[in-house]
**Q** 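Before I ask anything, here is the structure I am working with.
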Amino acid sequence: MTPLPIIIDTDPGQDDAIALLLAAASPELELLGVTTVAGNVPLRLTTLNARKVMELAGRADVPVCAGADRPLDVPLVTAEHVHGDTGLNGVDLPEPALPLDPRHAVDFIIQTLRERESGTVTLCPLGPLTNIALALRQAPDIAPRIRRIVLMGGGFFEGGNVTPAAEFNIYVDPQAAHEVFTSGVPVTMAPLDVTHEALTTARRIEAIRSLGNRAGAVVAAWMEFFERYDEEKYGQDGGPLHDPCVIAWLLRPELFTSRDCNVRVETQSELTRGMTVIDWWGVTCLPANAQVLRHVDSDGFFALLTERLARLG
């Protein structure tokens, strides 16, 4: 079976980092590159963190390219209160020897999509959609060349996690999200509704720590730091592991249920900026523009994650 070529666009973030490790450990995926964006922390840190994580994964062959340092038309909002001041609090990783690729993330995305056979490359945005929107603006010809955009973002029945209406990734750059969802490119979205079922319970963290390798120890420490915020917020055992749901869907789509829906993004309202208005019940009769993931087999999800982390020496 030919591996699926993907580009991961990300703002690490502990859950982004775990998604990178899951992809790096999965032979079904051909990780063409990692592009970074400002989001959970500023661009300098998301880029440093991506290099650290790819080095931890033993994947110095994967280029890391820095991208947009701010949203399209609103001030940057970050989330150090969740991820810590480095974005990867919980364990100290060494300064990476892995160099930063000199290409801008947007240029890398455009170049790769033009060089690869049309319809083969999947984009996997795990943070704000700024780089993806900029690439589509600068090179409209790439839109039909993208196989699919599989993203983490949004929410509907769960509401938001940064405002009552909005999930963080969409809230940070709602205009970019609007442009992605109206681009005509096939979209699969993993909203809070599905990611909130992938909880890092104590039993699941211990299974990962018990792997006995460096990756397992680091991921367990990240999970324990990251979950503290959501455990206090939601009053549950464990925090949601958002971004790895994107990679897990690529690997095991049968773990998820979904529905094709029309999705629109609110860009203007002070009250609901960044809200993903998902027509789950088809009341608008507007055509579907996204596959919306709804539920996940959480035990199967964590079994997959644990098995793949075990492969990282």
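Since the model is a prediction, treat every value here as computed from it, not as a measurement.
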**Q** Taking atom CG of D73 as the centre, does the number of heavy atoms from other residues, nucleotides or ligands within less than 6.0 Å exceed 12?
**A** yes
**Q** Quick check: is L250 connected to L312 through a chain of hydrophobic side chains (ILVMFWY, heavy atoms under 4.5 Å apart)?
**A** yes
**Q** Any heavy-atom pair between the side chains of P96 and K52 that's under 4.5 Å?
**A** yes
**Q** Can you confirm whether L32 sits close enough to P5 that some side-chain heavy atom of one is under 4.5 Å from a side-chain heavy atom of the other?
**A** yes
**Q** State the CG-CD distance between L93 and E55, to the nearest 0.5 angstrom.
**A** 9.0 Å
**Q** I'd like to know if R311 pairs up with E307 as an ion pair, taking the criterion as any Lys NZ or Arg NE/NH1/NH2 lying under 4.0 Å from an Asp or Glu carboxylate oxygen.
**A** yes
**Q** Under a single-linkage rule joining Ile, Leu, Val, Met, Phe, Trp and Tyr whose side-chain heavy atoms are separated by less than 4.5 Å, which residues share a cluster with M275?
**A** V277
**Q** If I compare all heavy atoms of G39 with all of F168, which pair ends up nearest, and what's the gap?
**A** O-CZ, 3.5 Å
**Q** Given the rule that I, L, V, M, F, W and Y join up when any side-chain heavy atoms are under 4.5 Å apart, are L255 and L151 in one cluster?
**A** no
**Q** Please check if the side chain of R145 supplies one atom and the backbone of L113 the other of a donor-acceptor pair under 3.5 Å.
**A** yes
**Q** Stepwise, does the side chain to side chain contact (heavy atoms under 4.5 Å, CB included) test hold for V41 with D11?
**A** CA-CA 7 Å; V41 287; D11 61 337; over 6 Å; no
**Q** Measure the spacing between CG of L88 and CG of L56 and express it to the nearest 0.5 Å.
**A** 10.0 Å
**Q** Donor-acceptor pair, distance only, cut-off 3.5 Å: does the side chain of R70 make one with the backbone of L76?
**A** no
**Q** Counting N and O atoms only, with roles assigned by atom type, does the side chain of T46 sit under 3.5 Å from a partner on the main chain of V37, one being a donor and the other an acceptor?
**A** yes
**Q** Looking only at heavy atoms, what is the nearest atom pair of T163 and A166, with distance?
**A** OG1-N, 2.9 Å
**Q** Regarding R148 and T188, do their side chains bring together a donor and an acceptor under 3.5 Å, going by distance alone?
**A** yes
**Q** Are V150 and V62 linked, directly or through intermediate hydrophobic residues, by side-chain heavy-atom contacts shorter than 4.5 Å (ILVMFWY only)?
**A** yes
**Q** Just by distance, do the side chain of T200 and the backbone of G239 share a donor-acceptor pair under 3.5 Å?
**A** yes
**Q** Considering only heavy atoms from C-beta outward, does the side chain of R137 approach that of S183 to under 4.5 Å?
**A** no
**Q** Identify all side-chain donor-acceptor contacts of residues 116-129 below 3.5 Å with residues at least two apart in sequence or on another chain.
**A**
unit_1: R116; atom_1: NH1; unit_2: E30; atom_2: OE1; d: 3.2
unit_1: R116; atom_1: NH2; unit_2: E30; atom_2: OE2; d: 2.8
unit_1: T120; atom_1: OG1; unit_2: E117; atom_2: O; d: 2.6

**Q** Can you tell if the side chain of R103 reaches within under 4.5 Å of the side chain of T112, non-hydrogen atoms only?
**A** no
**Q** Hey, does the side chain of E266 reach the backbone of Q268 with a donor-acceptor pair shorter than 3.5 angstrom?
**A** yes
**Q** Check step by step if side chain to side chain contact (heavy atoms under 4.5 Å, CB included) holds for Q291 and M189.
**A** CA-CA 6 Å; Q291 177 188 16; M189 65 181 291; over 6 Å; no
**Q** List the steps, then state whether side chain to side chain contact (heavy atoms under 4.5 Å, CB included) holds for D193 with H295.
**A** CA-CA 7 Å; D193 302 83; H295 295 293; over 6 Å; no
**Q** For L72, does its backbone N or O pair with a side-chain atom of D173 as donor and acceptor, under 3.5 Å?
**A** yes
**Q** Let's go through S210 and E206 carefully: what are the C-alpha distance in whole Å and the side-chain angles of both, what is the deciding distance for side-chain hydrogen bond (donor to acceptor under 3.5 Å, both in side chains) to 0.1 Å, and is it a yes or a no?
**A** CA-CA 6 Å; S210 297; E206 190 51 41; 3.3 Å; yes
**Q** For V246 and M152, work out which heavy atoms get closest and say how close.
**A** CG2-N, 3.5 Å
**Q** I'd like to know if the side chain of N49 reaches the main chain of A17, judged simply by a donor and an acceptor atom lying under 3.5 Å from each other, with no hydrogens or angles considered.
**A** no
**Q** Mind checking whether W281 and F157 have parallel, tilted or perpendicular rings, split at 30° and 60°?
**A** tilted
**Q** Applying a strict under-4.5 Å side-chain criterion to I, L, V, M, F, W and Y, I'd like to know whether L4 and V187 cluster together.
**A** no
**Q** Would you give the length of the straight line joining atom CG of L305 to atom CG of L21, rounded to the nearest 0.5 angstrom?
**A** 8.5 Å
**Q** For the atom pair CG (L309) and CG (N213), what is the distance rounded to the nearest 0.5 Å?
**A** 7.5 Å
**Q** Do the side chain of Q14 and the main chain of N89 share a donor and acceptor less than 3.5 angstrom apart?
**A** yes
**Q** Is D279 salt-bridged to R259, cutoff N-O under 4.0 Å?
**A** no
**Q** For the pair R308 and S26, evaluate side-chain hydrogen bond (donor to acceptor under 3.5 Å, both in side chains) and give the outcome as yes or no after the intermediate values.
**A** CA-CA 7 Å; R308 294 307 164 91; S26 296; 2.8 Å; yes
**Q** For a quick test of reading the model, state the closest non-hydrogen atom pair linking A68 to L134 and the distance between them.
**A** CB-CD1, 4.0 Å
**Q** Looking at M54 and A24, what are the two nearest heavy atoms and their distance?
**A** CE-CB, 4.4 Å
**Q** Strictly below 4.0 Å, N to O, side chains only: are D297 and R252 in salt-bridge contact?
**A** no
**Q** Quick one: which of L45, T78, D16 gives a side-chain contact (heavy atoms from CB on, under 4.5 Å) with N40?
**A** D16
**Q** Does the salt bridge (charged side-chain N to carboxylate O under 4.0 Å, His left out) test come out yes or no for D299 and R203, once each step is laid out?
**A** CA-CA 11 Å; D299 286 335; R203 176 178 59 83; 3.7 Å; yes
**Q** Where the side chain of N131 meets the backbone of V106, is there a donor-acceptor pair that is under 3.5 Å apart?
**A** no
**Q** Could you tell me whether the side chain of I18 reaches within less than 4.5 Å of the side chain of L241, counting heavy atoms only?
**A** yes
**Q** Is there side-chain contact between L31 and I8, with heavy atoms separated by less than 4.5 Å?
**A** yes
**Q** Which heavy atom of I247 sits nearest a heavy atom of A19, and at what distance?
**A** CG1-O, 3.6 Å
**Q** Are side-chain heavy atoms of V292 and F156 found at a separation under 4.5 Å?
**A** yes
**Q** R114 vs D141, test: side chain to side chain contact (heavy atoms under 4.5 Å, CB included). Steps then yes/no.
**A** CA-CA 9 Å; R114 285 175 172 170; D141 61 288; 2.8 Å; yes
**Q** Assess the side chains of E197 and S298: does a donor N or O sit below 3.5 Å from an acceptor N or O?
**A** no
**Q** One pair to check against salt bridge (charged side-chain N to carboxylate O under 4.0 Å, His left out): E224 and R209. What are the steps and the verdict?
**A** CA-CA 11 Å; E224 288 178 334; R209 180 180 286 109; 2.8 Å; yes
**Q** Atom CZ in F108, atom CD1 in I7: separation rounded to 0.5 Å?
**A** 5.0 Å
**Q** Sub-3.5 Å donor-acceptor pair from the side chain of T276 to the main-chain atoms of G155, do we have one?
**A** yes
**Q** Side chains of L136 and I146: closer than 4.5 Å at any heavy-atom pair?
**A** yes
**Q** Out of curiosity, N262 CG to D260 CG, how far, rounded to the nearest 0.5 Å?
**A** 11.0 Å
**Q** Please say whether the positively charged group of R294, taken as NZ for Lys or CZ for Arg, lies over the ring of F256, i.e. under 6.0 angstrom from the six-membered ring centre and within 45 degrees of the axis.
**A** no
